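Accompanying notes for the structure given below.
Bear in mind the structure is a predicted one, so any value in this text is a computation, not a measurement. Every chain is numbered from 1 and lettered A, B, ... according to where its sequence line falls, protein lines coming before strand lines.
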There are 2 protein chains.
Amino acid sequence: MTKAPVVDPRRTLTLRDVSEASGVSEMTVSRVLRNRGDVSDSTREKVLHAARSLGYVPNKIAGALASQRVNLVAVIIPSMSNMVFPEVMMGISDTLEDTGLQPVVGITNYSPEREESVLYEMLSWRPSGVIIAGLEHSPAAHAMLESAGIPIVEIMDIDGTPVDSAVGISHRRAGRQMAEAIIAAGYRRIGFLGTKMPDDHRARKRLDGFREGLARAGLTLADEEYYRGGSALLKGREMTEAILKRTPDLDFLYYSNDMIGAGGLLYCLAQGIDVPGTLGLAGFNGVELLDGLPRKLATMDACRREIGIHAAEIIAGKRPTGVIGGEVIELFPKLQPGDTIRKV
Amino acid sequence: MTKAPVVDPRRTLTLRDVSEASGVSEMTVSRVLRNRGDVSDSTREKVLHAARSLGYVPNKIAGALASQRVNLVAVIIPSMSNMVFPEVMMGISDTLEDTGLQPVVGITNYSPEREESVLYEMLSWRPSGVIIAGLEHSPAAHAMLESAGIPIVEIMDIDGTPVDSAVGISHRRAGRQMAEAIIAAGYRRIGFLGTKMPDDHRARKRLDGFREGLARAGLTLADEEYYRGGSALLKGREMTEAILKRTPDLDFLYYSNDMIGAGGLLYCLAQGIDVPGTLGLAGFNGVELLDGLPRKLATMDACRREIGIHAAEIIAGKRPTGVIGGEVIELFPKLQPGDTIRKV
DNA sequence: CTTGTGACTGTTAGCGCTAACTATACCCTG
DNA sequence: CAGGGTATAGTTAGCGCTAACAGTCACAAG
């Protein structure tokens with residue numbers, strides 16, 4: 001009967017293994033591997049050689065517990081399936097790159113309950129900071145953010161009161177600006193097409209602002225159409241067809257995002273509708289995709305990359321002045337008229 | 001002179017705080033919060049109440065160190081910016097949902113060096129498993145995967161030898177199949193448009209297979225065009241224009257992905273080219289976006305969601321039989337002829 | 001020769017939690 | 001009522017690492 005080896009040869013390695021292999025104390029190994037404190041070149045060599053040849057991978061769990069330091073930043077966003085959050089992520093990653101900090105992403109699918117549980121889960125890993133989309137959270141989530149004791153940056157939106165810092169644009173104002181531009185271009189019978197998502201607060205705020213802009217000119221929305229799920233491009237076609245069938249005299253369509261806007265644009269072109277003569281179109285976001293369309297859709301850049309960069313800078317403590325917490329950075333989206341709004 | 005409080009009131013809470021607040025031992029609190037072991041209802045109530053009112057968030061770092069268990073699954077993928085990996089992610093998340101396991105994503109940007117460092121970083125958190133795109137890794141990365149002592153699933157591709165398990169399709173075969181379908185439809189002057197990415201091994205294998213398929217019919221590629229970076233849709237337009245200017249007698253264009261294919265399709269339609277009569281088109285991936293296009297691009301579904309599901313099942317130990325490690329699951333993409341290949 | 005100083009390395013004591021065991025009650029069975 | 005379950009709670013000993021401190025040694029200055 002073969003006896004099992006006393007020590008499992010495939011047991012995961014620890015500092016002690018490296019320490020024994022290189023003939024120095026665990027502490028010295030730790031110092032070498034973290035590049036901290038003074039270690040002689042010869043010792044360093046020995047240790048690095050031993051670590052490499054054993055294939056040692058440090059255990060950050062133990063390290064984090066002992067040092068009370070975690071190089072993780074929790075990033076909590078609603079979705080990855082349109083291009084807006086991936087771009088925010090790029091800004092975050094690029095900025096965090098040389099800080100030793102690492103983003104960890106959680107997705108909420110626009111559900112407050114999921115946001116709460118994702119946040120709880122992430123906080124239980126004691127990250128160095130939290131970047132979270134939006135200013136609206138469940139009471140419990142809000143309480144967790146308040147008492148986390150780490151930097152919190154709420155991103156995308158600044159129409160509200162942040163827990164700590166915030167970086168974003170005013171969606172309300174963005175909606176209003178678009179309304180003003182549309183009215184200035186002479187359009188009067190305006191329809192809105194958007195998502196049926198009660199928890200997409202930013203889309204709601206844009207619509208609120210848009211309505212407000214119309215109201216100031218004595219106008220109201222002539223028709224509305226909402227969708228949920230499915231291919232946004234396809235939905236854009238379908239909704240556009242539907243709203244134009246129902247209300248043929250519309251002279252402008254405002255889409256809550258560029259993807260359905262692009263679908264609408266393709267539909268209109270295929271139908272031979274005169275854009276922007278008889279019908280103007282506009283979306284929101286400024287996604288790169290639009291560059292490839294036959295005609296450029298009017299839109300508004302949401303400053304996604306910049307938002308990511310600034311948020312990461314706050315977490316990394318890179319912001320210039322000595323501001324501690326409570327910083328609010330407002331960015332200003334630019335209207336890109338493209339080819340789907342009449343020139344005034 | 002005010003004396004600092006002995007205990008920082010905003011010091012993060014520990015089990016001990018909850019234990020003191022509820023008058024039971026730390027162990028009992030731990031049991032309640034993890035729902036493990038027998039605890040009387042009255043004690044459970046007391047503990048839960050205390051934990052909630054204090055706003056206690058468990059420290060998973062300490063928990064993981066003590067229990068040698070981490071509920072994290074490392075997912076390492078090259079990119080999030082086209083829709084292919086987000087869809088794989090959905091499959092993974094949905095499957096992991098009810099297992100207590102949580103995916104953590106790392107992005108490599110198709111760089112072997114970044115893959116290596118992301119992998120190292122993730123392994124240092126001692127995840128329960130690794131899902132990683134592709135079969136090609138640096139020697140160091142390969143060694144880490146080999147000796148990690150946890151389930152490894154290499155996804156997307158099965159043309160090669162996996163470290164442990166693999167789930168994916170044969171890109172080589174996919175390319176060959178497409179070539180066969182194109183030839184069967186009578187096209188002969190075939191051009192290829194793709195990315196200039198030496199480390200996108202799957203795109204390379206598809207092209208290899210495609211060339212092989214052509215060769216069997218005595219054909220070779222009539223022209224090729226490559227791009228790097230930028231809006232894929234726009235690049236698709238530009239490249240299509242370029243290749244058709246250079247080689248006007250092409251009768252088919254095979255794109256390495258649907259996004260540039262869509263750009264090409266829009267260009268051809270705008271130019272009034274007879275598709276699929278004089279010119280046939282095909283892409284690869286089966287992205288949902290295409291549903292919204294005026295005409296459906298021929299493509300091949302890469303089984304993205306299924307790949308995510310199966311990979312997660314392997315990690316979660318959900319696979320039906322008692323297979324341990326070394327499992328290879330091959331999926332078979334279906335050709336979707338759409339409207340851009342002549343019917344035979 | 002003593003003392004100090006800087007460069008290097010080792011020792012000790014946890015970080016906050018959980019596995020594994022031990023200690024009580026309390027109840028049943030025969 | 002002994003013997004032995006069973007449900008519940010507590011105790012002990014780490015998990016693998018690092019902060020903080022404590023040497024040790026060589027060499028220069030006094």
Side-chain angles (χ1 to χ4, degrees), chain A residues 7-8 11-48 50-51 54-72 100 121 123-128 149, chain B residues 7-8 11-48 50-51 54-72 100 121 123-128 149:
Chain A
V7 178
D8 176 1
R11 168 186 55 88
T12 59
L13 300 164
T14 73
L15 266 193
R16 152 159 269 113
D17 296 293
V18 182
S19 132
E20 280 168 3
S22 53
V24 300
S25 71
E26 296 178 36
M27 195 60 226
T28 301
V29 176
S30 168
R31 279 196 267 256
V32 170
L33 296 178
R34 285 179 301 146
N35 250 312
R36 199 142 306 191
D38 298 315
V39 180
S40 72
D41 287 348
S42 66
T43 306
R44 179 184 313 280
E45 275 316 306
K46 269 192 307 194
V47 170
L48 285 178
L54 288 174
Y56 173 69
V57 177
N59 185 331
K60 288 223 178 181
I61 297 175
L65 184 61
S67 67
Q68 305 282 49
R69 243 190 304 261
V70 179
N71 71 334
L72 264 25
E121 185 75 16
L123 285 180
S124 74
W125 287 100
R126 301 288 186 266
S128 302
Chain B
V7 177
D8 176 1
R11 168 186 56 88
T12 58
L13 300 164
T14 71
L15 265 193
R16 153 158 268 113
D17 296 293
V18 182
S19 133
E20 281 169 0
S22 53
V24 300
S25 71
E26 296 178 36
M27 195 60 225
T28 301
V29 175
S30 169
R31 281 196 266 254
V32 170
L33 296 179
R34 285 178 302 145
N35 251 313
R36 198 143 309 192
D38 297 316
V39 181
S40 71
D41 287 347
S42 68
T43 307
R44 179 184 311 279
E45 276 315 306
K46 270 192 305 194
V47 169
L48 285 177
L54 288 172
Y56 173 69
V57 178
N59 185 330
K60 288 224 176 180
I61 297 175
L65 185 60
S67 67
Q68 304 282 51
R69 241 189 307 259
V70 180
N71 70 334
L72 265 25
E121 184 75 16
L123 285 181
S124 75
W125 287 100
R126 301 287 187 265
S128 303

Inset, instruction - Measure across A:A64 and A:V70 and return the closest heavy-atom pair with its distance rounded to 0.1 Å. - result: CB-CG2, 3.8 Å

Legend entry - Pairwise side-chain contact, A:Y56 with A:V47, heavy-atom cut-off 4.5 Å (strictly under): no

Legend entry - A:L33 vs A:L15 side-chain heavy atoms within contact, under 4.5 Å: yes

Legend entry - Outermost DNA chain D nucleotides near chain B [under 4.0 Å, heavy atoms]: D:dT8 to D:dG16

Inset, instruction - Go through residues 16-23 of chain A and report each residue with a non-hydrogen atom lying under 4.0 Å from DNA chain C, sorted by number. - result: none

Inset, instruction - Would you check if A:T28 and A:T43 make a side-chain contact, meaning some heavy-atom pair closer than 4.5 Å? - result: yes

Inset, instruction - State, with a plain yes or no, whether a side-chain heavy atom of A:T14 is found less than 4.5 Å away from one of A:D17. - result: yes

Inset, instruction - List for me each residue that meets side chain to side chain donor-acceptor pair (under 3.5 Å) alongside B:N59, sequence neighbours excluded, and say none if there are none. - result: none

Inset, instruction - Please tell me if the side chains of A:R44 and A:V24 come closer than 4.5 Å, counting only heavy atoms from C-beta onward. - result: no

Legend entry - A:L13 side chain near A:V18 side chain, heavy-atom distance below 4.5 Å: no

Inset, instruction - Would you please name every residue forming a side chain to side chain donor-acceptor pair (under 3.5 Å) with A:E121, sequence neighbours left out? - result: B:K60, B:N71

Inset, instruction - Compute the angle between the rotation axes at the two ends of the helix from C:dC1-D:dG30 to C:dG30-D:dC1, each taken over five pairs, rounded to 10 degrees. - result: 50°

Legend entry - Donor + acceptor pair across side chains of B:S30, B:R34 (<3.5 Å): yes

Inset, instruction - For B:V24 and for B:A66, locate the closest nucleotide of DNA chain D by heavy-atom distance; then report the residue assigned to the nucleotide nearer the 5' terminus. - result: B:V24

Inset, instruction - Specify the residues of residues 26-48 of chain B, ordered by number, for which at least one heavy atom lies under 4.0 angstrom from an atom of DNA chain C. - result: B:M27, B:S30, B:R34

Legend entry - Between CD on residue B:E26 and CZ on residue B:R31, distance to nearest 0.5 Å: 12.0 Å

Inset, instruction - Test side chain to side chain contact (heavy atoms under 4.5 Å, CB included) on B:T12 and B:V57 and set out the steps. - result: CA-CA 9 Å; B:T12 58; B:V57 178; over 6 Å; no

Legend entry - Nearest heavy atoms of B:A50 and B:S22, plus distance in Å: CB-CB, 3.8 Å

Inset, instruction - Report the residue (A:S25 or B:L65) whose heavy-atom-nearest nucleotide on DNA chain C is the more 5′ of the two. - result: A:S25

